[in-house]
There are 2 protein chains.
Amino acid sequence: MILLDYRDKRPIYEQVVDKLEHLIVGGALEPETKMPSVRSLAMELAVNPNTIQRAYAQLEQEGYLYTVTGRGNFVAPESEWREGKKREVLTAWKKATLQALDAGVTAEELSELLRQMIKESNEEKSGV
Amino acid sequence: MILLDYRDKRPIYEQVVDKLEHLIVGGALEPETKMPSVRSLAMELAVNPNTIQRAYAQLEQEGYLYTVTGRGNFVAPESEWREGKKREVLTAWKKATLQALDAGVTAEELSELLRQMIKESNEEKSGV
DNA sequence: CAAGTGTATTAAGAGACATAATACACTTAT
DNA sequence: ATAAGTGTATTATGTCTCTTAATACACTTG
């Protein structure tokens, strides 16, 4: 379900959060899907159960999962996280754009890059 | 010259690096400007000299400063860092853009936001 | 009732960050 | 030449975060 990157210097629980969040936002894990138990995912990643517990707790805090004691963790309905996620990435995008403009990148360069990325994104969808 | 943010959880030396880099890229500190000495800046920020030493070492590593033992640290010529900085921010911008698209933000929304930010940026320059 | 869930607690170790106290080589001004 | 101001290096100490480890407990399912 997940592959850890040992060269990554971020905490393990943070990597787990990011990867699971990506799977959820990307639709690979649909709402109401049952997540692996804390103990089984810890076993699979050769990691301490506490670390997974921490990752799940954060994902619940951010609205991606909900927990039922005794039953397990489940992917939350999209309405629980879609808007929050959108705000989060837009804030980050604005910051990155400001930094680019500050560094001397022109508006035209950014527009052109954006067009190019959209084009590539569409080509992938239609299968190139 | 700098104001530390104690709510910021990042290391102090990293904050110092970021702020000085911003002053240099923004033109507030021109090339060949003499930087404050390790000891004096440490005194001013009420911080250990080792911490400033670390910040200066990283800025030198990234091409923003050059060091002359016994004389001090100086802002490097723009040619030493301008291209590297541009590559850095463009990489970050592309990543942020991909994440936005992944999260369901449309290309049109990003284009519109970009236009809006350019407009505001121009208004500031002309003094609104 | 047993096995599988989430949750909580305490202890220990590793590593990064920061402070503290020195020491040394070099440059500048006197 | 000397003193003061530079950068640089080293060692020790303390704090904090991350992680592992070992338990313990409440709840749910079969």
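Numbered from 1 within each chain, the chains take letters A, B, ... in sequence-line order. Since the model is a prediction, treat every value here as computed from it, not as a measurement.
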Quick one: CG on B/L101 to CH2 on A/W93, what's the gap to the nearest 0.5 Å? 10.0 Å
Note: B/E88-B/K85 ion pair, threshold 4.0 Å (strictly below): yes
Provide, to the nearest angstrom, the distance between the OH atom belonging to B/Y56 and the P atom belonging to D/dG7. 7 Å
Rounded distance [0.5 Å steps], CG in B/L20 versus CD in B/Q58: 11.0 Å
For nucleotides 15-23 of chain C, give me one character per nucleotide, 5' to 3': B if any protein heavy atom sits under 4.0 Å from the base, S if the only such contacts are to the sugar-phosphate, - if neither. --SSBBB-B
So does B/R71 get a side-chain nitrogen or oxygen closer than 4.0 Å to the phosphate oxygens (OP1/OP2) of C/dC26? no
For the pair made of CG in A/L45 and P in D/dT19, what is the distance, rounded to whole Å? 12 Å
Residues passing the side-chain contact (heavy atoms from CB on, under 4.5 Å) test with A/R39, sequence neighbours excluded, are A/S37
For B/Y64, enumerate each residue passing the ring pair (Phe, Tyr, Trp, His ring centres under 6.0 Å) test, keeping only those at least two apart in sequence or located in another chain. B/W81
Grab the CD-C1' distance between A/Q53 and D/dA26 for me, whole Å please. 14 Å
Any B/N73 side-chain nitrogen or oxygen under 4.0 Å from OP1 or OP2 of D/dT6: no
Taking atom P of D/dT20 as reference, at what distance in whole Å does atom CE of A/M43 sit? 14 Å
Rounded distance (Å) that lies between atom C1' of D/dC18 and atom CG of A/L4: 14 Å
Measuring to OP1 and OP2 of C/dT5, would you say a side-chain N or O of A/S37 lies under 4.0 angstrom away? yes
What's the CG-P distance between A/L41 and C/dT7, to the nearest Å? 14 Å
Taking CZ from B/F74 and P from D/dT6, how many angstroms apart are they, rounded to a whole number? 11 Å
Relative to the ring of B/F74, is the ring of B/Y66 parallel (under 30°), tilted (30 to 60°) or perpendicular (over 60°)? parallel
Round to a whole Å and report the spacing from NZ of A/K34 to P of C/dG4. 12 Å
Is it the case that the side chain of B/E14 and the backbone of B/P11 share a donor-acceptor pair, with hydrogens and angles ignored and the cut-off at 3.5 Å? no
